[in-house]
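Note that this is a predicted model, so its numbers are computed, not measured.
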Amino acid sequence: MSPKTLKISYWTTTIIFVLFMTMDGIGGVSQQKDGQEAFKMLGYPMYLLLIVGSAKLLGVIGLLQTYSPIVKEWAYAGFTFNFICAALSWAFVGEHTAFAIFPLVVLAIMATNYYLWKRYLTLY
């Protein structure tokens with residue numbers, strides 16, 4: 001992959017992922033009805049929706065900053081824990097196991113972005 005193609009691929013996947021996580025984080029912070037219903041089905045307290053939404057918005061900032069690779073690594077780690085726990089939560093509930101697939105799809109998108117970021121770091 002040429003450096004230019006790598007850079008375009010990295011930033012394209014980053015923007016797509018960051019936009020999705022920003023919308024999800026804002027939905028959590030603003031306590032949207034769909035998020036509340038999902039948390040009720042999973043048996044989680046409503047205040048956790050605010051915490052997870054805030055963490056996603058902080059993770060977005062961590063991914064977009066270019067100053068500290070350690071902060072970016074922690075943001076990727078946080079999102080990884082979030083998606084794995086979301087998939088397991090839906091799988092453990094039992095009646096909505098099909099919902100467990102979506103967090104894993106988003107995790108795969110994020111993993112692709114992480115791989116491209118690591119390749120991007122070796123070039124620049």
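- In terms of heavy atoms, L57 sits closest to T22 at CD2-O, 3.8 Å.
- Only one option out of Y114, F17, F83 pairs with Y76 in a ring pair (Phe, Tyr, Trp, His ring centres under 6.0 Å); it is Y114.
- In the model, S89 has a side-chain atom that pairs as donor or acceptor with a side-chain atom of Y44 under 3.5 Å.
- For A75 against G59, the heavy-atom pair with the smallest separation is CB-O, 3.6 Å.
- Taking CG of D24 as the reference point, atom NZ of K56 lies at 3.5 Å (rounded to 0.5 Å).
- Heavy atoms only, all atoms of each residue included: F79 and L63 are closest at CE1-CD1, 3.7 Å.
- Neither F81 nor W90 shares a network with the other; the hydrophobic side chains, linked directly or stepwise wherever heavy atoms of I, L, V, M, F, W or Y lie under 4.5 Å apart, form separate groups for each.
- Contact record, V71 with Q65: CB-NE2, 3.6 Å, taken as the closest heavy-atom pair.
- Put simply, F102 and I109 are part of two different groups of oily side chains (I, L, V, M, F, W, Y) that touch within less than 4.5 Å, one to the next.
- For the residue pair Q31 and Y47, no side-chain donor N or O sits within less than 3.5 Å of a side-chain acceptor on the partner.
- In this structure, L107 is a member of the same hydrophobic cluster as F20, with clusters built from ILVMFWY side-chain heavy atoms closer than 4.5 Å.
- Of the inter-residue distances, the one linking L88 atom CG with L42 atom CG reads 11.5 Å to the nearest 0.5 angstrom.
- Hydrophobic clustering, with ILVMFWY side chains joined whenever heavy atoms are under 4.5 angstrom apart, keeps F92 apart from M41.
- Interatomic distance, L64 CG to I61 CD1, rounded to the nearest 0.5 Å: 8.5 Å.
- To the nearest 0.5 Å, atoms OG1 (T14) and CG (L19) are separated by 10.5 Å.
- The CG atom of N113 lies 9.5 Å from the CD1 atom of I16; values are rounded to the nearest 0.5 Å.
- Taking CG of L6 as the start and CG of L123 as the end, the distance is 5.5 Å to the nearest 0.5 Å.
- Scanning all heavy atoms of the two residues, the minimum distance from A91 to A100 falls at N-CB, 4.0 Å.
- No continuous path of hydrophobic side-chain contacts links V29 to M21 [ILVMFWY only; heavy atoms under 4.5 Å].
- When side chains are defined from C-beta on, K118 counts as touching E73, because their heavy atoms get closer than 4.5 Å.
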